[in-house]
Amino acid sequence: QVQLVESGGGLVQPGGSLRLSCTASGNIFSINTMGWYRQAPGKQRELVAIMPSIGISRYGNSMTGRFTISRDDAKNTTYLQMNSLKPEDTAVYYCNGRITEKKLTFGQWKYYSMDYWGKGTLVTVSS
């Protein structure tokens, strides 16, 4: 089993910065894409940023230039640096990982890739 745990949320004033972290643990063979999504009250969950193991990161429309995603594969951790925060950035931020596990199944090693989610961390931008 795999777990994702976010940290770093909290209350920040408009214009301020926060850095979120998400660490994956458990039966991890490899981590493909890691990313962040958010959900504000009364709204659908939306993409914040995703970062593949190889390739170009992608950001949600209102995050480009203000948010930066990074990852440390040695620590199975992804980070989200958020700058110039606005009240509309207030939301629960969820970490997502497409993770491959290696499991012994009926005497054979097999690989399973699944999406895992953290429980979320609340970011509140308010004066």
Side-chain angles (χ1 to χ4, degrees):
Q1 192 60 290
V2 173
Q3 298 83 35
L4 299 181
V5 178
E6 304 99 333
S7 62
L11 174 64
V12 63
Q13 291 187 342
S17 298
L18 275 178
R19 188 194 195 206
L20 306 183
S21 300
C22 170
T23 298
S25 62
N27 183 34
I28 298 170
F29 176 78
S30 65
I31 299 178
N32 307 314
T33 300
M34 294 196 82
W36 294 90
Y37 292 76
R38 71 184 185 185
Q39 188 166 18
K43 295 187 177 181
Q44 290 187 332
R45 190 173 295 191
E46 64 174 342
L47 169 70
V48 176
I50 57 174
M51 186 172 190
S53 56
I54 299 174
I56 299 173
S57 300
R58 182 161 60 96
Y59 295 87
N61 288 337
S62 64
M63 295 77 168
T64 303
R66 298 189 300 126
F67 293 4
T68 303
I69 188 172
S70 60
R71 56 192 282 177
D72 184 341
D73 289 339
K75 298 180 179 179
N76 291 336
T77 298
T78 183
Y79 305 96
L80 183 69
Q81 178 67 43
M82 304 185 293
N83 299 327
S84 302
L85 283 163
K86 306 173 182 179
E88 51 263 43
D89 293 318
T90 295
V92 177
Y93 284 71
Y94 296 91
C95 177
N96 169 266
R98 172 58 67 94
I99 295 172
T100 299
E101 298 176 76
K102 180 181 178 181
K103 296 181 180 180
L104 189 62
T105 307
F106 299 112
Q108 291 186 331
W109 288 105
K110 294 189 176 182
Y111 300 88
Y112 301 87
S113 291
M114 292 180 60
D115 277 333
Y116 288 93
W117 292 88
K119 293 182 178 180
T121 185
L122 177 62
V123 172
T124 303
V125 184
S126 176
S127 55

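Numbering of residues begins at 1 and proceeds along the displayed sequence.
- The ring pair (Phe, Tyr, Trp, His ring centres under 6.0 Å) with Tyr37 is formed by just one residue from the set Trp117, Tyr93, Tyr94; it is Trp117.
- With Thr90 contributing its side chain and Val125 its backbone, the two residues share a donor-acceptor pair below 3.5 Å.
- Taking OG from Ser53 and CD1 from Ile31, the interatomic distance works out to 9.5 Å, rounded to the nearest 0.5 Å.
- Of all heavy-atom pairs between Ser57 and Met51, the closest is OG-CG, 3.3 Å.
- Within the structure, side chain to side chain donor-acceptor pair (under 3.5 Å) contacts touching residues 76-89 (residues at least two apart or in different chains) are Ser17-Asn83, Thr23-Thr77, Arg38-Asp89, Arg66-Asp89, Gln81-Asn83.
- Looking at Glu6, its side chain does come within 3.5 Å of a backbone N or O of Gly120 through a donor-acceptor pair.
- Under the 4.5 Å side-chain heavy-atom criterion for ILVMFWY residues, no single connected hydrophobic cluster contains both Leu20 and Met34.
- Between the side chain of Gln1 and the main chain of Asn27, no donor-acceptor pair closer than 3.5 Å is present.
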Inset, instruction - For Ser113 and Thr100, run side chain to side chain donor-acceptor pair (under 3.5 Å): C-alpha distance rounded to whole Å, both residues' side-chain angles, the deciding distance at 0.1 Å, then the answer. - result: CA-CA 4 Å; Ser113 291; Thr100 299; 2.6 Å; yes
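- Within the model, atoms CZ of Arg71 and OG1 of Thr33 stand 7.0 Å from one another, a figure rounded to the nearest 0.5 Å.
- Counting heavy atoms from C-beta outward, Tyr116 and Glu101 have side chains that approach closer than 4.5 Å.
- In this structure, Ser127 and Pro14 approach most closely via the heavy-atom pair N-CD, 3.7 Å.
- Ser30 is not listed as a side-chain neighbour of Lys102, based on a closest heavy-atom distance of 4.5 Å or more.
- Rounding to the nearest 0.5 Å gives a distance of 11.5 Å between CE of Met82 and CZ of Arg19.
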Inset, instruction - Let me see the working for Ile99 and Phe29 under side-chain contact (heavy atoms from CB on, under 4.5 Å), right down to the final yes or no. - result: CA-CA 8 Å; Ile99 295 172; Phe29 176 78; over 6 Å; no
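- Under the 4.5 Å side-chain heavy-atom criterion for grouping Ile, Leu, Val, Met, Phe, Trp and Tyr, Phe67 is connected to Val123 within one hydrophobic cluster.
- Here the straight-line distance linking atom CD1 of Ile69 with atom CE of Met63 works out to 11.5 Å at 0.5 Å rounding.
- Here the CG-CG distance, from Asn96 to Leu4, works out to 7.5 Å after rounding to the nearest 0.5 Å.
- A side-chain contact (heavy atoms from CB on, under 4.5 Å) with Leu18 is found for exactly one of Leu85, Thr124, Leu80, namely Leu85.
- Put simply, Ile50 and Ile56 are part of two different groups of oily side chains (I, L, V, M, F, W, Y) that touch within less than 4.5 Å, one to the next.
- Note: the hydrophobic cluster containing Leu104 does not contain Tyr111 (ILVMFWY, side chain heavy atoms under 4.5 Å, direct or indirect links).
- In the hydrophobic cluster analysis, where Ile, Leu, Val, Met, Phe, Trp and Tyr join through side-chain heavy atoms closer than 4.5 angstrom, Leu47 is grouped together with Val92.
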